[in-house]
Amino acid sequence: MITRDIVLHVFYLLCGIYSYTVYAFDRSRQRAPWARWLFLAAGCSLVIRAACGFAIDFHVWPPVLARCLRDLKSLVGGFIVGLLFALIVSGELTGKKVVKDEVAA
């Protein structure tokens, strides 16, 4: 049975994946190549975290493995926070705005 919480979980998942992957490769901002890879790694990690959440919510695994999935979900969440913290500290989260030179004719 699909509940409101699961639908919200899917919505937040899709918004997060979209923002991490598309925002990283936005052409209006210039970022270091490693920062783009960190954004992509954060998006992929978010997919893993959501898959663990769905497996827990739908009771796919036995209770022993469900506990391991909860631990993995927490671990991946901490990994995502660490990646975002690295981007914030380095200043690559917002990137540098690309200014296009206008040709005076």
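Values reported hereafter were calculated over all heavy atoms of this structure, with side chains retained and with hydrogens, waters and symmetry mates removed.
Counting heavy atoms from C-beta on, the side chains of W61 and C68 never come closer than 4.5 Å. Using a 4.5 Å cut-off on side-chain heavy atoms (C-beta onward), V76 and L72 make contact. Counting heavy atoms from C-beta outward, F79 and L84 have side chains that stay 4.5 Å or more apart.
In this structure, the separation between CG on L65 and CZ on R70 is 11.0 Å, given to the nearest 0.5 Å. Distance check: C44 SG to F39 CZ gives 13.5 Å after rounding to the nearest 0.5 Å. With rounding to the nearest 0.5 Å, the separation of CG in L83 from CG in L46 is 11.5 Å.
Formation of a donor-acceptor pair under 3.5 Å by the E92 side chain with backbone atoms of A32 is found in this model. Of the possible donor and acceptor atoms, none in the side chain of R31 sits under 3.5 Å from a partner among the backbone N and O of R36.
For the side chain to side chain contact (heavy atoms under 4.5 Å, CB included) test, residues two or more places apart in sequence or in another chain that qualify with I88 are L93.
Under the 4.5 Å side-chain heavy-atom criterion for ILVMFWY residues, a single connected hydrophobic cluster contains both I80 and L14. The hydrophobic cluster containing F85 does not contain L75, counting ILVMFWY residues as joined when their side-chain heavy atoms lie under 4.5 angstrom apart, directly or transitively.
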Determine, stepwise, if the pair R29 / K96 fulfils side-chain contact (heavy atoms from CB on, under 4.5 Å).
CA-CA 5 Å; R29 299 278 179 180; K96 296 177 185 174; over 6 Å; no
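Shortest non-hydrogen contact noted between A55 and L69 is CB-CD1, 3.7 Å. In this structure, K73 and C52 approach most closely via the heavy-atom pair CB-CB, 4.1 Å. The heavy-atom pair separating L87 from A35 by the smallest distance is CD2-CB, 3.7 Å.
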